[in-house]
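Comments concern the structure below.
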Amino acid sequence: MDATRITGASLGAARIPSGPLDKLAAAAARVAGDGALVFGPARDGSVWGWKLCEAADVPQSDLWERLVNTDVSPKELFMPRTEDIARWRDRLRNLSIAEPAAPPPVVVLGVRPCDAASFDLLDEVLIEGPFSDESYRRRRGATLLITWACGKTGPACACDAFGLAPAAAAGDLMVYPDGNELLLSALTPKGLEVLGDLTGGSTAGEALTGRVDAVAAALNAQKTAVGRRLALDDLTANAAGLTATLFSSDIWTELSPRCLSCGTCTYVCPTCYCFAINDEPRGGDGRRIRTWDSCQFKEFLSMAGGHNPRPSKVERVRQRFMHKLNYHPERYGKFLCVGCGRCIVSCPVGLHVAEVGEALSRAAAAAVSAAKGGE
Amino acid sequence: MSAVAIADLSRDLARLEESVRARASELLESQQVRMVIGHKRAWNGPLAVAHFAVSPKEARKFAAGPHCTGGLAKYLLEEREKDGVVAVIARGCDALGVRRLLIDRRVDAEKVLVLGVPCAGCLDPAKLAEALGVTPAELVEVTLAAGALRVRLAGQEQAAAGPPLDKVLPPTCMACEVRMPVEVAEMLGGDLAALTALAGRPPAIDLETAEAEVTRLEELSADDRYAYWAGHFQRCLRCFACRNACPACNCRVCALDSYDPKWLGHPTEIPEQFMFHFIRAVDVAGRCVACGECERACPVGLPLMQLNRKFSKDIRTLFGVDRPHLPGEHEPLGKFEPDDPEEFM
Amino acid sequence: MSVAKTKPEADGANAAAEWQPKIVAFCCNWCSYAGADLAGTSRLQYPPTVRIVRVPCSGRVNPRFLIRALQRGADGVLVAGCHPGDCHYSTGNYFARRRFLLARRFIEYLGLEPDRLWVKWISGSEGNKFADVVREMSAAVAKLGPNRKVREAR
């Protein structure tokens, strides 16, 4: 596994007391730019999601001691569930087309390291690949991510099984709980600016970065309950060589029957990025919108002529997990999963990446030992 | 029920589990059925998941008890095109779900064998977690002993005594009138005195109590009610778990998937969310079996049963049909009386 | 939770002053549509607020027509069919009656105004009744004001 995904390099550090975070949020908002919106975890009904925080209701730091993670991932801050691509008006052939305004700068206060790392994965696909997704790129570029290292892991957490760790360095600014204080460590120039704004220009010297390293190392040494059960390194080590074997494995017919073909796993997942583009015409006017879509829906791949290349759950379940655990590792060298554990918690029928990952690694091991036996 | 009988409950459940496994093995061995659908222990967490046994060996994995949540009837839809009989290990709600599919002619009665199991209710992990002051994900293992739950939490080696089962049931189980399943081919478990006595008890809450939340909402102002529903619906992810889990949502082509006519647009803004939940609720009105699967499946905790219960409440007051999902009752929207009320007409 | 909120464009400057409700009427082919026709041929005056959709029977009207109409810009929906006992298909309107008794209570439960849904029995010879219903309903819906709760933003 790539160790740089976990350690990162601190550009500067500072120490603030635990408690109210309004100063940190305000500093980040100033750095992010004019009209910046600050989002933080908030409870909505019975679930935790992300809400716009006014200055007065910025959460206090003890929230991150209580809350393992939000139930809904923060990806919708960069990939809204519904977004306009364009609106048009045809007032009797006097056609006008309006594109959406530039997104406002956004500060996300207190994403967990797994979620912060999910954006790095998405960036590789959506920005750094041969095609750059303009809408995502603009929103991502206008964002300042404040990442909150995990002081404890939750029962469904699995970051360490997927090449990350409870305090993996990702985002612009890391926050590490350290006794009654919070250690801040800048990972990007933007993060450093926040520190500068917060401390009036004096970021502390090497003694503090040393402390950051020590705290981070201690937090990163935590093992998750799920991670202790899973050993998935074989799957990334030889992804290309395993594709055919895993694709035709029996595990798909064994695991898929209980799937409901709903989109829960893909919609709570921070690394799923499929979308649909649809026109919503209303007379001469209309809008072209982009919405989330899910490979688990049976209509996802149905084509105009009626053909569906993934007609049953076997193909659809296989697609999702092969993408996460084999196709993506084959191309990018890492899983398209950060082990946030949301599918483990939310799937209504308990079919999730940990169980499938374990089954796949067993199938991979069997294939390897069969190949050895044949030599 | 007496203390002695409650103490026997865990023994009864063990017997029931054994009897499910034995009967399933027997049916598969003799090839009377092609598949048996039931529950098995999940990879993690306290709840069981659906299990599809096609060999006697796989039948050994079947489980029974309050941790076996999750409806099974809907899975029959996917087996309908295949030859051979499929058996379902059915709690009361599963049996009503199968009945729904049979009435709607979506499944061939010749190809289903309903094996009933008495049910003491299925635990609601959210309620149990709340009672223990933890999050649902922290529940690792739950067993039933002497009428009370024993719960092992994440990071603990030993299970500790938890609340009594009837304190942590979802509202649908508390109002359940089919703990002894109806319209089954056979009952499994034989003579299970404690379990059948418990399952045979009247529901913990009556219809009116079950509908208390509906009544509360009815008494709000229109704007407050709108704010209540808009607040919930804006959270809806449109994952369709509610529809996909529901045995009454069994149309060949769902209106919510249809492109022509395109009933449901893709935007997830409030008007479309109302459209979605209106269509879902109206289409199961009078056909809902009150299993609560929609609500259980929802990843963002929408109170969907409060929509379904509104219809069952109105159907009762307007048409005098108390329990449209139970045998012996008519489909309230599939019939009429010439002197039905007219109210605003 | 969305980062950018797209504001619906404001209606024209004078729109509020000139606002009149839009009512979609689902009229059964055999009675109510003929009744509307009679109202027209009899030169009866009624407000131009109603848009008629002809359906074979009030039993054809699915409650989702109601929410779709409200979503796409209607302020009220009228379902009109033959009087009970007079249905061309014998029983269609009886089924419709049960359905819309529930639908009206249901939209009220969702927080909409129940008075946006009217169901009336109007025979082919009741041109007067059709004109009266449109007049009364227009006034009632005008009092409620524009439907904004479930109307999509344009």
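Sequence lines set the chain letters: A, B, ... in the order given, protein chains first and strands last, and positions in each chain run from 1.
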Exercise. Can you list the steps and then say if B:Thr317 with C:Arg105 is a side-chain contact (heavy atoms from CB on, under 4.5 Å)?
Worked result: CA-CA 12 Å; B:Thr317 48; C:Arg105 288 175 173 225; 3.8 Å; yes
Exercise. Taking the inter-plane angle between the rings of C:Phe95 and B:Phe336 on a 0 to 90° scale, is it parallel (under 30°), tilted (30 to 60°) or perpendicular (over 60°)?
Worked result: perpendicular
Seminar exercise, completed: Turns out that what part of C:Gln71 lies under 4.5 Å from chain B's heavy atoms comes down to side chain
Exercise. Which atoms of B:Pro267 come close to chain C, meaning under 4.5 Å heavy atom to heavy atom: side chain ones, backbone ones, both, or neither?
Worked result: neither
Problem set entry | Other residues, nucleotides, ligands: >12 heavy atoms within 6.0 Å of B:Glu130 CD | no
Exercise. Got a donor-acceptor contact below 3.5 angstrom from the C:Arg97 side chain to the B:Pro338 backbone?
Worked result: yes
Exercise. Between atom CD1 of C:Ile67 and atom CD1 of B:Ile279, what is the distance when rounded to the nearest 0.5 Å?
Worked result: 8.5 Å
For this session: Examine whether an atom of C:Glu108 lies under 4.5 Å from a heavy atom of chain B, and if so say whether it belongs to the side chain, the backbone or both; otherwise answer neither.
Result: both
For this session: Could you go through the side-chain contact (heavy atoms from CB on, under 4.5 Å) check for C:Phe106 and B:Lys310 one step at a time?
Result: CA-CA 7 Å; C:Phe106 190 58; B:Lys310 168 66 177 164; 4.1 Å; yes
For this session: Start with the C-alpha gap between B:Phe319 and C:Leu101, add the side-chain angles, then the distance that decides, and say whether side-chain contact (heavy atoms from CB on, under 4.5 Å) holds.
Result: CA-CA 10 Å; B:Phe319 313 129; C:Leu101 277 166; 3.8 Å; yes
Exercise. Mind checking whether B:Asp340 and C:Tyr94 have side chains closer than 4.5 Å, heavy atoms only?
Worked result: no
For this session: Please look at B:Ile315 and chain C and tell me whether the side chain, the backbone, both or neither of the residue comes under 4.5 angstrom of a heavy atom of that chain.
Result: both
Problem set entry | NZ/C:Lys149: more than 12 non-hydrogen atoms of other groups inside 6.0 Å | yes
Seminar exercise, completed: To the nearest 0.5 Å, atom NZ of B:Lys335 lies from atom OG1 of C:Thr91 at 13.0 Å
Problem set entry | Contacting moiety of B:Leu333, where chain C heavy atoms sit under 4.5 Å | both
For this session: Report yes if some heavy atom in the side chain of C:Trp121 is under 4.5 Å from a heavy atom in the side chain of B:Glu342; otherwise report no.
Result: yes
For this session: For B:Glu218, look at atom CD and say whether over 12 heavy atoms of other residues, nucleotides or ligands are found less than 6.0 Å away.
Result: yes
Problem set entry | Part of residues 221-230 of chain B lying next to chain C, heavy-atom separation under 4.5 Å | B:Ala222, B:Asp223, B:Arg225, B:Tyr226, B:Trp229
Problem set entry | Aromatic centroids of C:Phe100 and B:Phe344 separated by under 6.0 Å | no
For this session: Indicate yes or no: at least one non-hydrogen side-chain atom of B:Leu307 is less than 4.5 angstrom from one of C:Leu110.
Result: yes
For this session: Check each atom of B:Glu337 against the heavy atoms of chain C and say whether the ones under 4.5 Å are side chain, backbone, both or neither.
Result: both
For this session: Could you grab the distance from atom CZ of C:Arg64 to atom CZ of B:Phe278, nearest 0.5 Å is fine?
Result: 9.5 Å
Problem set entry | Interchain contact, C:Ile107 with chain B, by part (heavy-atom threshold 4.5 Å) | side chain
Exercise. Heavy atoms, side chains only, cut-off 4.5 Å: are C:Pro84 and B:Met345 in contact?
Worked result: no
